[in-house]
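Notes to accompany the following structure.
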Amino acid sequence: MSGKSEELLHHLKSLSGPFPMWNVEQLPDQPGELFLDWLRLAVEKEVKEPHAMTLSTVDQHGYPDARVLILKNIMEDTFYFASSSNSRKGRQLNDNPRVALTLYWPSLGRQIRIRGIAQDEGDEAGAADFRKRKPGAKAAAMTERQSQLLDCEDELERSIEAQRKRLQDDPDFAAPHWRLYAVHAEEVEFWQGGTERKHLRVQYKLQDEHWQKNRLWP
């Protein structure tokens, strides 16, 4: 069986291109500017869900955890996402706010890796973000059971329906456990894949409140 799976994986294509050109001799001073340039191109090229990113955290035992969620905003060199503080990731963020964010756009052969500190933006920011969510997403978040064991599908449906009713009665309700997090970047790496594996990598690293730019080996 292992041989068959290896053969299956061996024949899958990766980094087949063609990919956009990237002039690493003309880079902005801050990573947030370059991020927005890359994001605009991803939107222009109709990359599917270009704002989807992987959030990586670490639990109390030192085990890494990763899941895909949505980038809500970027301001200068700060990246925003939202989550329930009662969820597994919310508890991990409370214990250890050091996180990594990863975005990958296969059709462009581009990857962006961000490391930084996640900060809870407070009650008002969390409530404002919650009210922007679609009704179904609000109801699911209001069950306050994310990551817990599900014993019965009917129980899930009843809980969500009850939350929908609650929202109908109180449209301005905002779940108190819903939080908006700001990741203050300390290191950002931009990776442009090459079909011959001669990748282009540029690292921005924050040192003494100034960004240092470095080329990295592929």
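Remember, it's a predicted structure, so these values are computed and weren't measured experimentally. FYI, side chains are in, hydrogens and waters are out, and symmetry mates aren't considered; it's all heavy atoms of this structure.
Of all the heavy atoms in Phe130 and Ala141, the pair that sits closest is CE1-CB, 4.0 Å. Closest approach of Ala185 to Leu206, counting heavy atoms only: O-CD2, 3.9 Å. In this structure, Asn86 and Arg91 approach most closely via the heavy-atom pair O-NH1, 2.6 Å. Minimum interatomic distance between Ala52 and Val68 (heavy atoms only, all atoms of both residues): CB-CG1, 4.1 Å. Considering all non-hydrogen atoms of both residues, Gly109 and Leu15 come closest at CA-CD2, 4.4 Å. Of all heavy-atom pairs spanning Gly122 and Arg179, the tightest one is C-NH2, 3.3 Å.
With sequence neighbours excluded, the residues forming a ring-ring contact (aromatic ring centres under 6.0 Å, His included) with Trp22 are Trp38, listed by chain and number. Ser16 pairs by the side-chain hydrogen bond (donor to acceptor under 3.5 Å, both in side chains) definition with nothing, not counting sequence neighbours. Under the salt bridge (Lys or Arg N to Asp or Glu O under 4.0 Å) criterion, Asp129 pairs with Lys72, sequence neighbours left out.
Atom CG of Leu27 is separated from atom CG of Asp37 by 10.0 Å, given to the nearest 0.5 angstrom. The structure places CE of Met53 at 4.5 Å from CG of Leu71, a figure rounded to the nearest 0.5 Å. Atom OH of residue Tyr204 and atom NE2 of residue His210 lie 15.5 Å apart, to the nearest 0.5 angstrom.
Residues Ile74 and Ile70 do not share a hydrophobic cluster, defined by chaining ILVMFWY side chains whose heavy atoms lie under 4.5 Å apart. Cluster membership for Leu200 and Trp191, using ILVMFWY side-chain heavy atoms within less than 4.5 angstrom, is not shared. There is a path of hydrophobic side-chain contacts, each under 4.5 Å, that joins Leu69 to Leu101.
The six-membered or imidazole ring of Phe35 lies near that of Phe79, with a centre-to-centre distance under 6.0 Å.
In this model, a donor atom of one side chain and an acceptor atom of the other lie less than 3.5 Å apart for Thr78 and His184. Ser56 and Arg67 share no side-chain donor-acceptor pair at under 3.5 Å. Between the side chains of Gln60 and Asp95, no donor-acceptor pair is found at a separation under 3.5 Å.
Ion pairing between Asp59 and Arg88 fails under the 4.0 Å rule for side-chain N and carboxylate O.
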Discussion item. Applying side-chain contact (heavy atoms from CB on, under 4.5 Å) to Glu186 and Arg115, what does each step give before you reach the verdict?
Written reply: CA-CA 6 Å; Glu186 297 180 345; Arg115 300 177 76 190; 5.7 Å; no

Practice prompt. Show the numbers, then the answer: is there a side-chain contact (heavy atoms from CB on, under 4.5 Å) between Tyr80 and Val183?
Written response: CA-CA 6 Å; Tyr80 295 82; Val183 177; over 6 Å; no

Discussion item. Would Val24 and Arg215 count as a side-chain contact (heavy atoms from CB on, under 4.5 Å) here? Give the steps.
Written reply: CA-CA 9 Å; Val24 295; Arg215 281 288 305 276; 3.4 Å; yes

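Sorted by first and then second residue, the side chain to side chain donor-acceptor pair (under 3.5 Å) pairs involving residues 26-36 (not counting sequence neighbours) are Gln30-Asp77. For residues 158-174, every residue pair satisfying the salt bridge (Lys or Arg N to Asp or Glu O under 4.0 Å) rule, not counting sequence neighbours, is listed here: Lys165-Asp169. Listed by first then second residue, pairs satisfying side chain to side chain donor-acceptor pair (under 3.5 Å) with a partner in residues 102-111 read Arg110-Gln192, not counting sequence neighbours.
Although no hydrogens or angles enter the test, the distance criterion places a donor-acceptor pair under 3.5 Å between the side chain of Thr143 and the main chain of Ala140. Within the 3.5 Å criterion, the main-chain N or O of Trp217 finds a donor-acceptor partner in the side chain of Arg201. Looking only at distances, no side-chain donor or acceptor of His10 sits under 3.5 Å from a matching main-chain atom of Ser5.
Counting only heavy atoms from C-beta outward, the side chains of Thr57 and Pro64 never approach each other to under 4.5 Å.
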